[in-house]
J.: 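Below you'll find the structure I mean.
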Amino acid sequence: MQHKKIINLYPNNNHKSLSISLQVQDKFETRGFQVSYENNPNADLNICIGGDGAFLRAVHKSDFSNIPFVGINTGHLGFYQEILIPNIENFIDEYLKSNYEIETLDLLEARVHFSDDSEALIFNALNEFVVKSSDSSIIHLDVLIDNNHLETFAGDALLISTPSGSTAYNFSAGGSILYRSLKGYQLTPLAPINSKAYRSLLNSIVIPSMSTLRVKVRNEDSDSNSTLIIDGMSNEYDNLNYIDFKTSTKSISKLTFYKDWYWLNIKDKFL
Ligand code: NAD
C-alpha cells in the first residue's frame, strides 16, 4: 500500500492562525495528504502559520529540520511568511505542480564557553544572536576575528545576524540588508560608546562565512551576568567567558513561489 504524503503544520497559538490551520489541514487532506501537528520526520513540507515569529519558532521547534519550510501569513507581509490568506488555494495548486524555487537559508552557530571550563554549549540561529549584560549595564567585550583583535567594545550589546536576519533587529540597529543567498554574516553594534576611554566601530561589519568571530567578556563585567539572545529567546549566564560565532554547517530550506517577493517586501515594509 502506498503511504500518504505528510505535511507538518506549525500554527501560532492565536485564534486566527489556528482557524487558518484547520482550513489548510482540510485542503491538504482533501487532496490525499496526512497532516501532522508534531514534527513528523517523514513529512514533505513544514508549513508555518502566523507572522515571522511563527516561522522562527517552527524552525527552532523542528530543531532546524531539513524538510523545506513555507510560511502562511495571517497578518501583513512577512519576510519568511510569503503566502497570504487569499492565495492559499493557489499556493497548494502550485506546490502540487512543483512550481517553486528552493532557497537555502544559512544559519549562524554560537559556541558558548564558560570560565569554569564546563562543556561548551552550541546554538544555531536563523535571524541573530545578541550579547548583552543581563542588568542592562554597559557590557565590555573584546572582539576578535580569526584570532585578530579588532576592538574592545563598550555599549549596550553586539548583534550578530545572518543574511536572512539582516532585515530584522539588525536593520533597526542600523545594519545593512544582506540578500539571503549572500555568504557571510554581520556584526552590528548597539549604542557603541565612543569617547576618550572607548573606541569601537560605529557601523556594522560584514564577516566572511569561513571566518570565526570571538566575543569575549572582559573583567570589568565580572559582577554582572551576561545574556545571549537567540532569535528573540534569552539565556542568562553568570560565568560566560567567550562565544565563537561562525556560519553553521546546518542550514534550512524555504520554498519561494513569487520571484520578486523579496524586493516587494522590502519596499512594502520599510519605504
Ligand atoms: P516579535 O513578535 O516582537 O516580532 C518582531 C518583529 O520582527 C516582527 O515585526 C517580525 O515581522 C519582524 N521580523 C522577524 N524576523 C524578521 C526578518 N528576518 N526580517 C524582517 N523582519 C523580521 O518577536 P518574535 O516574533 O519573537 O521575533 C523575534 C525577532 O524579533 C528577533 O529575531 C529579532 O530580529 C526581532 N526583534 C527586533 C527588534 C527591533 O527591531 N528593535 C527588537 C527585538 C527583537
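Counting starts at 1 for both ligands and their atoms, following the listed order.
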J.: Any heavy atom of M233 sitting closer than 4.0 Å to ligand 1?
T.: no
J.: Looking at atom 23 (O) of ligand 1, would you say a protein heavy atom lies below 4.0 Å from it?
T.: no
J.: Within 4.0 Å of atom 34 (O) of ligand 1 (strictly less), any protein heavy atom?
T.: yes
J.: Indicate whether any N or O donor in one side chain lies under 3.5 Å from an N or O acceptor in the other, for N225 and D238.
T.: no
J.: Go through the side-chain N and O atoms of T247 and D106 and say whether any donor and acceptor fall under 3.5 Å apart.
T.: no
J.: Protein heavy atoms near atom 3 (O) of ligand 1, is at least one of them under 4.0 angstrom away?
T.: no
J.: Does even one non-hydrogen atom of G51 get within less than 4.0 Å of ligand 1?
T.: no
J.: Hey, do the aromatic rings of F171 and F270 have their centres closer than 6.0 Å?
T.: yes
J.: Give the residue and atom name of whichever protein heavy atom lies nearest to atom 19 (N) of ligand 1, and the separation in Å to one decimal.
T.: T167 OG1, 2.6 Å
J.: In a check of ring-ring contact (aromatic ring centres under 6.0 Å, His included) between Y100 and each of F257, Y258, W261, which one passes?
T.: F257
J.: Considering non-hydrogen atoms of the protein only, which is the closest contact for atom 27 (O) of ligand 1, and what is the distance?
T.: L56 CD1, 3.8 Å
J.: Kindly assign one of parallel, tilted or perpendicular to the pair Y262 and F79, based on the angle between their ring planes and the thresholds 30° and 60°.
T.: perpendicular
J.: Tell me which protein heavy atom sits closest to atom 25 (O) of ligand 1, plus the residue, atom name and distance to 0.1 Å.
T.: G53 CA, 3.1 Å
J.: Just to be sure I read this right, does ligand 1 sit under 4.0 Å from the backbone of A173, its side chain, both, or neither, counting only heavy atoms?
T.: neither
J.: Would you say atom 8 (C) of ligand 1 touches the protein, meaning some protein heavy atom is under 4.0 Å from it?
T.: no
J.: Return yes if a side-chain donor-acceptor contact under 3.5 Å exists between S134 and Y237, otherwise no.
T.: no
J.: Can you list the ligand 1 atoms lying under 4.0 Å from a non-hydrogen atom of F79?
T.: 17 (C), 19 (N), 20 (C), 21 (N)
J.: Could you work out, with ring-ring contact (aromatic ring centres under 6.0 Å, His included) as the rule, every residue matching Y10, not counting sequence neighbours?
T.: none
J.: Can you tell me how far the CD1 atom of I243 sits from the CG atom of L228, to the nearest 0.5 Å?
T.: 4.5 Å
J.: Among all protein heavy atoms, pick out the one at the shortest distance from atom 32 (O) of ligand 1; state its residue, atom name and that distance to 0.1 Å.
T.: E128 OE2, 2.7 Å
J.: Regarding E236 and T227, is there a side-chain donor-to-acceptor distance under 3.5 Å anywhere?
T.: no
J.: Compile the donor-acceptor pairs under 3.5 Å between side chains in residues 118-131 and protein atoms, sequence neighbours left out, one pair per line.
T.:
| from | atom 1 | to | atom 2 | distance (Å) |
| --- | --- | --- | --- | --- |
| S118 | OG | D116 | OD1 | 2.7 |
| N124 | OD1 | S248 | OG | 2.8 |
| N127 | OD1 | Y80 | OH | 2.6 |

J.: Would you mind finding which of G50, S161, A168 brings a heavy atom closest to atom 17 (C) of ligand 1?
T.: A168
J.: Quick one: which ligand 1 atoms are inside 4.0 Å of a heavy atom on K269?
T.: 9 (O), 11 (O), 21 (N)
J.: Please work out, at 4.0 Å between heavy atoms, whether the side chain, the backbone, both, or neither of N170 comes within that distance of ligand 1.
T.: neither
J.: Out of Y169, F171, F129, indicate the one that has the non-hydrogen atom closest to atom 38 (C) of ligand 1.
T.: Y169
J.: Considering non-hydrogen atoms of the protein only, which is the closest contact for atom 26 (O) of ligand 1, and what is the distance?
T.: R57 NH1, 3.4 Å
J.: With backbone taken as N, CA, C and O and side chain as the heavy atoms from C-beta onward, which portion of N127 lies under 4.0 Å from ligand 1: side chain, backbone, both, or neither?
T.: side chain
J.: Just checking, is any N or O donor in the side chain of D142 or T152 under 3.5 Å from an acceptor N or O on the other one?
T.: yes
J.: Of all the non-hydrogen atoms in the protein, which one sits nearest to atom 13 (N) of ligand 1, and at what distance?
T.: D52 OD2, 3.7 Å
J.: Show which atoms of ligand 1 fall inside a sub-4.0 Å distance from at least one heavy-atom site of S172.
T.: 39 (C), 40 (O), 41 (N)
J.: Could you tell me whether the side chain of S211 and the main chain of I207 form a donor-acceptor pair under 3.5 Å?
T.: no
J.: For atom 40 (O) of ligand 1, is the nearest protein heavy atom closer than 4.0 Å?
T.: yes
J.: Rounded to the nearest 0.5 Å, what's the gap from CG on L45 to CZ on F69? Could you check?
T.: 9.5 Å
